[in-house]
Amino acid sequence: MRGLRVFGACAVIIALALSNGSAFAQKSIKDQLVGTWSLVAVTAERADGTKGEPFGANPKGVIIFTADGHFSLLQMRAELPKIAANDRGKATPEEAAAIVGGSIAYYGTYTVNEADKTITPKLEAGTYMNIVGGPEQKRIITALTADELQFTNPRTPAGVTLLTVWKRAPAH
């Protein structure tokens, strides 16, 4: 009888361990997205197959998904220049070009298609207003774990495919 109790206790412990490991995978994609993610890498792939890093080898950025369907994104080069005049309204043309060319930020709402594993953002505003109100651009989720998110933007206005890697930001 004692052996049966020990076996039963072990079975419960194993079942709990297995269920905790798969609990994340059992959540909906939208529930798994909710939170703050830090940018790891962005690769741009052109139609001719060439690749580049539009935000450099060590990009900075964050994307935040809320449970009620809002999101905010910032991506930038790590080495954006400071403005010599210390007034963003007085940036030189060179400073402004480097900042605009090396960063993007936008926010809005999003929906998730669980079957297709896609995120569809609806932009409300951003630093590049040409993409606000434009054609729908889905993000295709290629990997999603508790700690990592990868998705592609299959066709940007510049005609490239962006491959983006994020890691879940630590709680503070």
Side-chain angles (χ1 to χ4, degrees), residues 16-47 51-80 88-89 96 98-172:
L16 286 173
L18 290 175
S19 69
N20 285 341
S22 63
F24 185 79
Q26 292 174 1
K27 290 182 178 179
S28 70
I29 291 172
K30 184 173 181 181
D31 287 343
Q32 293 175 61
L33 287 175
V34 170
T36 304
W37 301 84
S38 298
L39 186 59
V40 173
V42 180
T43 304
E45 187 174 311
R46 294 169 194 82
K51 294 181 180 181
E53 295 174 313
F55 299 106
N58 297 303
K60 303 290 181 194
V62 64
I63 190 168
I64 302 167
F65 293 101
T66 66
D68 66 352
H70 290 86
F71 81 98
S72 181
L73 172 141
L74 166 68
Q75 294 175 328
M76 59 186 270
R77 292 182 154 280
E79 66 282 351
L80 287 180
R88 64 189 178 109
I99 293 167
V100 169
S103 65
I104 191 164
Y106 51 84
Y107 68 91
T109 58
Y110 74 99
T111 57
V112 174
N113 182 315
E114 299 282 333
D116 293 343
K117 295 183 179 179
T118 58
I119 306 166
T120 303
K122 183 177 180 185
L123 307 185
E124 294 178 22
T127 58
Y128 181 52
M129 289 301 292
N130 297 42
I131 59 175
V132 174
E136 186 176 271
Q137 291 189 13
K138 292 183 180 186
R139 308 308 191 253
I140 301 165
I141 298 170
T142 56
L144 179 58
T145 68
D147 299 318
E148 184 176 80
L149 167 63
Q150 295 182 30
F151 59 76
T152 64
N153 180 346
R155 186 61 51 201
T156 68
V160 299
T161 297
L162 291 179
L163 311 155
T164 310
V165 179
W166 306 86
K167 68 177 178 178
R168 190 169 299 274
H172 291 283

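Both backbone and side-chain heavy atoms feed into the values below; hydrogens, waters and symmetry mates do not.
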Looking at CD of Glu114 and CD1 of Ile29, how far apart are the two atoms once the value is rounded to the nearest 0.5 Å?
4.5 Å
Testing Ile119, Ile64, Ile63 for side chain to side chain contact (heavy atoms under 4.5 Å, CB included) with Leu33, which one passes?
Ile119
How long is the span from the NZ atom in Lys138 to the OG1 atom in Thr120, to the nearest 0.5 Å?
4.5 Å
Look up atom OG1 in Thr164 and atom CD1 in Ile141, then write down how far apart they are to the nearest 0.5 Å.
12.0 Å
When rounded to the nearest 0.5 angstrom, what distance separates NZ in Lys27 from CD in Gln32?
7.5 Å
Using only atom types and a distance under 3.5 Å, with no angle test, would you say the side chain of Tyr110 pairs donor to acceptor with the backbone of Thr66?
yes
Hey, are the side chains of Pro59 and Glu53 touching, using non-hydrogen atoms and a 4.5 Å cut-off?
no
Side chain to side chain, Leu144 and Trp166, heavy atoms closer than 4.5 Å
no
Heavy-atom closest pair, residues Lys30 and Asp68:
NZ-C, 4.4 Å
Taking all non-hydrogen atoms of both residues, which atom of Lys51 and which atom of Arg46 are closest, and how far apart?
C-NH1, 3.7 Å
Close side-chain approach of Thr36 to Val62, heavy-atom, < 4.5 Å:
yes
Using the ring of Phe151 (Phe, Tyr or Trp, six-membered ring only), decide whether Lys117 places NZ or CZ under 6.0 Å from its centre and within 45 degrees of its axis.
no
CZ-CG distance between Arg139 and Leu149, expressed to the nearest 0.5 angstrom
11.5 Å
Let me confirm one number: the CD1-CG distance from Ile104 to Leu73, rounded to the nearest 0.5 Å.
7.5 Å
Going by heavy atoms in the side chains, are Thr152 and Thr142 under 4.5 Å from each other?
yes
For the side chain of Glu148 and the backbone of Val165, is there at least one donor-acceptor N/O pair under 3.5 Å apart?
no
Is there side-chain contact between Val160 and Pro54, with heavy atoms separated by less than 4.5 Å?
no
Give me the atom names and distance for the closest heavy-atom approach of Pro154 to Ile140.
CG-CD1, 3.9 Å
Is the shortest side-chain heavy-atom distance between Val112 and Phe65 below 4.5 Å?
no
State whether the side chain of Glu45 and the backbone N or O of Thr161 hold a donor-acceptor pair below 3.5 Å, judged by distance alone.
no
Please check if the side chain of Thr127 supplies one atom and the backbone of Ala105 the other of a donor-acceptor pair under 3.5 Å.
yes
Which heavy atom in Trp37 sits nearest to a heavy atom in Thr145, and how many Å separate them?
CH2-O, 3.8 Å
Tell me, do Tyr107 and Glu124 make a side-chain contact under 4.5 Å, heavy atoms counted?
yes
Answer yes or no: does atom CG of Asp116 have more than 12 heavy-atom neighbours from other residues, nucleotides or ligands under 6.0 Å?
yes
